[in-house]
Amino acid sequence: LLTVSCTMSSDKHLVFVYGTLKRDNFNHRLLTDAEFIGTAVTKEPYPLVIASRYNIPFLLPYAGQGHRVTGEVYNVNSEQLKNLDYLEMHPHVYERREMIVNLTQSSAAVDTSCLSYFLVRSLPKLLELPHLDCFVDGVNGRWYVNPQLRTGEPFRFEVQLPPEGTQEEVEAWKKL
């Protein structure tokens with residue numbers, strides 16, 4: 001089986017998106033200039049949940065639990081990757097990590113190493129939520145709330161800041 005690396009060159013990176021960055025979703029505007037490579041499914045199962053009062057999709061970093069998650073792969077440059085990091089509040093809320101996906105190209109699936117964003121400081125109770133294999137906005141009447149319409153503290157009950165957090169992490173946390 002052929003494996004493709006997540007770093008295409010020093011300025012090109014493959015990114016697997018599974019939530020609001022996918023086509024026809026609110027945050028896809030950040031990828032309109034990125035090259036769409038294709039649809040893919042994670043090689044390992046992961047828990048994909050929708051949580052918070054803003055109905056945000058979270059991919060939890062527990063390989064072997066949940067389902068194989070369907071998403072899309074994009075080839076992004078370093079500036080686009082920086083913008084994705086900003087949206088995902090990497091590394092304070094989500095953490096960008098490498099993962100293997102089965103990328104569908106023509107009629108064959110190719111194991112492809114991609115970057116993706118995991119909610120690494122999730123509270124254990126998120127594992128009790130239903131695990132999805134694909135994010136579709138509006139599932140069960142729960143629509144994603146874009147950041148401009150939010151009030152309050154969206155992540156307080158989903159994410160924990162470690163007690164040993166740096167001053168930078170604490171400041172980022174206060175802005176959530």
Side-chain angles (χ1 to χ4, degrees), residues 1-52 54-105 109-123 126-127 129-137 139 144 147 154-155 158-160 172 176:
L1 202 60
L2 177 66
T3 301
V4 178
S5 172
C6 66
T7 302
M8 303 299 288
S9 70
S10 62
D11 190 50
K12 293 292 185 176
H13 313 274
L14 293 178
V15 177
F16 173 76
V17 298
Y18 53 84
T20 64
L21 285 162
K22 294 190 314 181
R23 288 176 292 183
D24 300 323
N25 283 277
F26 183 79
N27 290 315
H28 182 73
R29 67 191 190 290
L30 294 175
L31 294 172
T32 55
D33 293 333
E35 178 189 4
F36 174 73
I37 302 298
T39 59
V41 62
T42 59
K43 187 169 182 173
E44 298 281 331
Y46 287 96
L48 172 62
V49 301
I50 297 176
S52 92
Y54 302 119
N55 304 315
I56 299 169
F58 296 115
L59 189 61
L60 306 180
Y62 304 108
Q65 298 185 42
H67 302 285
R68 294 180 68 204
V69 176
T70 300
E72 300 170 351
V73 175
Y74 290 87
N75 191 358
V76 302
N77 62 37
S78 295
E79 185 65 27
Q80 291 164 326
L81 187 63
K82 182 179 172 184
N83 290 336
L84 294 176
D85 285 349
Y86 180 78
L87 172 73
E88 304 293 6
M89 293 182 264
H90 166 72
H92 308 292
V93 176
Y94 288 87
E95 186 174 292
R96 179 172 23 96
R97 292 184 176 181
E98 197 168 326
M99 68 182 324
I100 302 293
V101 299
N102 297 124
L103 177 64
T104 304
Q105 292 188 323
V110 178
D111 277 357
T112 305
S113 177
C114 291
L115 302 171
S116 196
Y117 293 88
F118 291 88
L119 184 69
V120 293
R121 294 184 176 146
S122 61
L123 294 174
L126 289 186
L127 282 172
L129 295 173
H131 298 174
L132 307 174
D133 61 359
C134 183
F135 171 76
V136 177
D137 199 12
V139 169
Y144 172 77
F155 300 114
E158 286 79 23
V159 181
Q160 59 187 359
L176 296 180

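Quick note: residue numbers are just sequence positions, from 1.
The two atoms that bring H131 and L127 nearest to each other are NE2-O, 3.0 Å, heavy atoms only. Heavy atoms only, all atoms of each residue included: V73 and A40 are closest at CG2-CB, 3.7 Å. Residue F135 comes nearest to P57 through the heavy atom pair CD1-CB, 3.7 Å, listed as atom of the first residue, atom of the second, then distance. For the pair S116 and M99, the tightest heavy-atom approach, listed with the atom from each and the gap, is CB-SD, 3.4 Å. In terms of heavy-atom proximity, L21 sits nearest to L87 at CD2-CD2, 3.8 Å. Contact between V69 and L48 at its shortest, heavy atoms only, is CG1-CD2, 3.8 Å.
By the ring-ring contact (aromatic ring centres under 6.0 Å, His included) test, Y144 is found to be paired with no residue, residues two or more places apart in sequence or in another chain being considered. Listed by chain and residue number, V17, K22, R23, F36, Y74 satisfy the side chain to side chain contact (heavy atoms under 4.5 Å, CB included) test with E72 (two or more places apart in sequence, or in another chain).
Expressed to the nearest 0.5 Å, how far CD1 of I37 lies from OG1 of T104 amounts to 13.0 Å. Rounding to the nearest 0.5 Å places CG of N83 at 11.5 Å from CG of N27. Of the inter-residue distances, the one linking L81 atom CG with K12 atom NZ reads 11.5 Å to the nearest 0.5 angstrom. Annotation: the span from L119 atom CG to E88 atom CD amounts to 10.0 Å, rounded to 0.5 Å. The CD1 atom of I56 lies 10.5 Å from the CD1 atom of I50; values are rounded to the nearest 0.5 Å. Interatomic distance, CG of L126 versus CG of L60, reported as 5.5 Å (0.5 Å rounding).
For residues 60-70, the side chain to side chain donor-acceptor pair (under 3.5 Å) pairs, not counting sequence neighbours, are R68-N102.
If you run ring-ring contact (aromatic ring centres under 6.0 Å, His included) between F118 and each of Y94, Y46, F16, only Y46 comes through.
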> side-chain contact (heavy atoms from CB on, under 4.5 Å) between V15 and Q80: does it pass, once the steps are laid out?
Replying inline: CA-CA 10 Å; V15 177; Q80 291 164 326; over 6 Å; no

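A heavy-atom distance below 4.5 Å is not found between the side chains of V76 and L115. Between R96 and L84, the closest side-chain pair of non-hydrogen atoms is not below 4.5 Å. Side-chain contact between L30 and H28 is absent, with no heavy atoms from C-beta onward closer than 4.5 Å.
A donor-acceptor contact shorter than 3.5 Å is absent between the side chain of Y117 and the backbone of L59.
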